[in-house]
Every structure is written in C-alpha cells, then in structure tokens.
Amino acid sequence: MTPADTGASTVVDAASAASGSSGSSEPSDPRMAPGGPGYRRMSFALFLAGVATFALLYSTQALLPLISGDLGVTASDASWTVAAATGGLALFVLPMSALSERFGRRTVMTASLAVAVSVGLLVPFAPSLPALVALRAVQGAALAGLPASATAYLAEEVRPRALVTAIGLFVAGNSVGGMSGRVITGWVAQEWGWRVAVGVIGLVAVACAVAFRLLLPAPQHFTPGSLRPRVLVGTVRDHLANPLLRRLYAIGALFMTVFGGVYTVIGYRLTEAPFSLPQGLIGSIFLVYLVGTVSASTAGRLVGRLGRRGALYLGAGTTAAGLLLSLAPSLPLVLLGLVLITAGFFAGHAVASSAVGKTAQHGRAQASALYQSAYYVGSSAGSTVGAVAFHSGGWAGTVAVGVLAVLGVVVITVSGSLAARRQAAGAPVRALGLPR
C-alpha cells in the first residue's frame with residue numbers, strides 16, 4: 001500500500017533521507033530544491049502571494065472603530081467586515097481546491113489574486129456597511145484559491161526534503177501580510193481615514209500579485225484531475241478516512257485556537273490596569289508577527305534536527321511557555337509571552353501544513369483545503385471561546401483555553417508516536433503516527 005494508505009510516512013521520510021545521503025535518487029529528482037533553478041524565484045513568488053492574501057484578508061481588523069464611526073454602525077456590526085472575509089475563505093477553500101486540480105495550481109492562484117485585488121480596489125468606495133460586507137465576502141471567497149493551491153503546488157514541484165522549508169516561507173509571507181494588514185492600515189488611517197488605508201493595502205496587494213505572476217515558474221509535475229462531484233466527494237472521504245491527515249487537521253485547528261484567542265483578546269488585556277496602553281501602541285503589538293516570519297521560515301531546519309514530532313513538541317512547548325508567561329503583571333513579560341506564543345504557533349503550523357502536503361498521495365489540493373478549513377474553524381473557535389473566557393475569568397481564562405488546546409496538540413502527537421512505535425515493532429495495526 002502507499003504511504004497515504006498506511007499513514008507510514010515515517011518510512012517514506014527515512015527512505016528519502018537515505019537516498020539523499022547516498023546520492024542515488026535525490027540528485028536525480030527533477031523537482032526544485034534550494035540552490036537549484038527556479039527555487040529562489042518560486043519561494044519569493046509564493047512569499048508575495050502570502051503577503052497579499054493575509055494583508056487583504058485582515059485589512060479592516062484594525063479599522064473597526066473608524067468604520068463604525070464613518071458608517072454609523074455598532075462595533076459588532078462592523079466586525080462582519082472581517083468575519084465575512086474569513087468566512088468566505090473557509091466556505092470556498094474546498095471548491096477552489098477542486099478547480100486547481102482541474103485547471104492547475106498557478107492558474108487558480110493567479111485568477112484568485114486577480115479577483116481579490118480587484119475587489120480590494122473597490123472596497124474603499126463601499127457606500128454602506130452591507131455593500132462593504134458583501135465586497136469583503138467576495139474577496140475572502142477569491143482568496144480561498146491561494147492557501148490550498150499553494151501547498152499543493154509546492155508538494156508537486158519541490159523535492160520532499162525541501163518541502164517544509166518552502167512551505168515555511170509561504171507561511172512567513174502570511175505572517176508579514178497579517179501584520180501589515182493591521183499595522184500599516186492603523187497608521188495610515190490615523191492621518192487619512194480608513195478608506196485611504198484600505199486602498200493602500202489594495203495597491204500593495206496589486207504589486208504583490210503582479211510580481212507573483214511574473215516570478216512563479218510554470219508547473220512541471222501537475223497532472224489534471226476531474227471536476228466531477230462524485231470524484232471530489234470520494235477524494236475528500238479518502239482524506240478524512242486517513243488517520244494521519246485527521247490528526248494533522250486537528251493539530252492545525254488547535255494551534256489556531258490558541259492564536260485566534262490570544263490576539264482577539266490581547267487588546268482588552270492591555271487597555272486595562274496595570275497597563276492602560278493607548279490604542280495606537282496596542283495596534284503596534286502586531287509587529288510581533290515578525291517573529292512568526294522567522295520561526296515559520298526556519299521550520300525546515302527544526303524538522304531536520306528534531307524530526308516532525310520533535311518540532312511539534314517544541315512548537316507546543318514554546319506556545320505553552322508563552323501563555324504562562326503572559327499571566328505576569330509586567331508589560332515586558334507579557335510581550336515576551338506574545339513572542340513565544342507567536343513563534344510556537346507559526347512553527348507548529350508550518351510543520352503540520354507541510355506534513356499534509358507530503359502525506360497526501362492524490363488530491364493534494366483537497367487535502368490542503370481540508371487543513372485550511374480546520375485551521376479557520378480553529379481561528380473562529382479560539383476567538384469566540386477566548387473572548388467568552390476573558391469576560392468570565394479575565395486573561396487567566398483565555399490562557400486556560402490556550403493551554404488546553406496546546407495539551408490537545410501534545411496528546412495527539414504522543415498518541416501518533418506510540419502508534420508509530422507499535423507499527424515499527426510489527427504490531428498488526430494501522431499506522432497512525434505522524435511522520436518523523
């Protein structure tokens with residue numbers, strides 16, 4: 001059976017490492033590798049795609065008070081400008097992944113960015129909140145063509161040993177885009193209003209989209225699939241029947257539960273005593289995302305040294321340490337806690353998402369789309385539960401939710417390790433372990 005059938009990606013990884021060290025098969029692999037033709041262009045192109053995606057997706061999050069004032073709506077109503085975009089992405093990521101199986105990864109990513117940036121240039125002119133929410137929903141649906149297609153493209157075009165590093169660079173672009181979509185808009189809006197701020201992000205995204213299309217190498221290893229609903233349903237069913245993929249989806253959701261909860265509530269924590277920070281400084285907290293850029297881009301080296309399970313343990317441990325440190329009534333310690341939470345989250349996310357692309361032997365875009373759906377479900381759950389916990393138990397309540405989610409990551413990873421050991425010992429059980 002294939003590794004996808006058995007979940008025995010550990011064997012595949014070991015074989016890949018052995019072939020790479022012996023020089024027998026890895027050097028003859030025609031796919032891209034660090035230092036090889038096209039790899040640097042490809043990495044930078046997908047980095048820019050990640051920047052554009054997350055800058056557009058969260059461009060209104062830091063501007064909600066200004067949107068409320070300008071359009072005469074409540075804060076909860078204004079928050080739909082963010083929820084509509086993320087909801088549109090979560091809803092359409094699977095259908096868009098199916099289109100990429102038929103028409104190609106680069107084609108779908110290019111079309112998705114083109115639609116998203118075009119809508120982004122219309123957003124500043126929205127005359128009312130319903131129009132703004134509708135435009136943001138369309139923008140999120142368009143952006144759904146990026147995450148799953150990018151991961152599938154990398155899984156097909158990059159050598160297995162370089163896959164974590166390549167996906168880490170894409171995730172790093174996500175972190176830069178998420179940061180800029182909040183920080184830049186906040187500072188621009190302070191001088192010229194929210195419409196100009198959103199327009200600036202739209203122009204930045206246009207530049208990223210053009211550069212992406214010019215830089216991304218044409219795919220060499222893509223095989224078109226079918227758009228038939230029965231085939232799509234069968235592919236999704238196969239992925240959900242794979243215990244390893246289910247574990248990876250759960251890990252992605254749990255990591256994002258922590259991250260979504262922390263960054264939804266941290267503003268409330270810092271406006272209260274003993275910190276009482278002004279809103280401008282609180283907005284600048286998102287500069288911590290730069291730490292995620294570094295940790296995501298170095299995930300490949302972590303896997304090389306610790307194995308995938310070891311890298312996940314390190315990401316979970318770093319996140320938990322940051323959560324506990326953030327309980328201190330000291331601003332420097334809270335900021336250090338945010339640094340650790342961000343570093344641990346982005347490292348864990350890069351490792352888990354790359355493992356999905358490596359594990360799926362067919363329908364990679366659907367496998368990645370299911371991961372993205374779980375990821376955004378985790379974001380929504382973390383934001384909602386984290387806020388409820390904060391209002392009932394303060395910051396300690398939000399931290400408790402985060403710690404429970406991290407423990408879930410550890411339990412899943414440990415159980416996967418035990419299952420892999422049983423398989424190695426020859427036990428007649430299906431391998432459930434994460435790849436090393």
Side-chain angles (χ1 to χ4, degrees), residues 164-165 167-176 178-179 247-266 269 285-328 330-356 371 374-375 378-379 381-383 386 395-396 398-417 434-436:
V164 178
T165 299
I167 290 181
L169 289 171
F170 176 66
V171 173
N174 296 346
S175 70
V176 171
M179 177 194 70
R247 289 170 183 269
L248 292 171
Y249 297 153
I251 286 172
L254 289 169
F255 266 123
M256 193 56 174
T257 297
V258 180
F259 198 69
V262 165
Y263 276 98
T264 295
V265 175
I266 189 62
R269 164 124 164 106
I285 291 297
F286 289 104
L287 289 169
V288 173
Y289 268 45
L290 290 173
V291 176
T293 304
V294 175
S295 67
S297 61
T298 58
R301 289 199 290 272
L302 284 177
V303 172
R305 293 179 180 178
L306 305 174
R308 291 187 187 276
R309 290 191 291 267
L312 287 172
Y313 288 135
L314 180 61
T318 302
T319 303
L323 286 167
L324 296 177
L325 195 59
S326 70
L327 289 168
S330 164
L331 184 58
L333 292 180
V334 171
L335 294 178
L336 180 57
L338 289 177
V339 166
L340 294 177
I341 292 167
T342 304
F345 161 73
F346 275 105
H349 170 43
V351 171
S353 60
S354 64
V356 169
Y371 177 86
Y375 179 83
S379 176
S383 298
W395 181 250
T398 302
V399 168
V401 171
V403 169
L404 287 174
V406 170
L407 286 175
V409 171
V410 173
V411 168
I412 291 171
T413 308
V414 168
S415 61
S417 300
L434 289 168
R436 287 188 299 182

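Keep in mind that what you see is a predicted model, and the values were worked out from it rather than measured.
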Non-hydrogen atoms of L325 and L333 that approach each other most closely | CG-O, 3.7 Å
Least distance between heavy atoms, S354 atom then R308 atom = OG-NH1, 3.2 Å
Is a side-chain donor or acceptor of T318 paired with a backbone partner of G315 at a separation under 3.5 angstrom?
-> no
Where L248 and A352 come nearest, the two heavy atoms and their spacing | CD2-O, 4.1 Å
Looking only at heavy atoms, what is the nearest atom pair of V258 and A405, with distance?
-> CG2-CB, 3.6 Å
Pairwise distance OH(Y313) to CG(L302) - rounded to 0.5 angstrom = 15.5 Å
Within the side chain of T398, is there an N or O that forms a donor-acceptor pair under 3.5 Å with the backbone of G386?
-> yes
Stepwise side chain to side chain contact (heavy atoms under 4.5 Å, CB included) test for L323 and V262 | CA-CA 9 Å; L323 286 167; V262 165; 3.8 Å; yes
Minimal non-hydrogen separation, L312 against G348, with atom names = CD2-O, 3.9 Å
So, R269 side chain and S326 main chain: donor-acceptor pair closer than 3.5 Å or not?
-> yes
Do I412 and L254 come close enough that some side-chain heavy atom pair is under 4.5 Å?
-> yes
Rounded to the nearest 0.5 Å, the OH atom of Y263 sits from the CD1 atom of I285 at a distance of 8.0 Å
Distance flag, aromatic centroids of F259 and F255, threshold under 6.0 Å = no
Considering non-hydrogen atoms only, spot the tightest contact between Y371 and G252 and give its length.
-> OH-CA, 3.5 Å
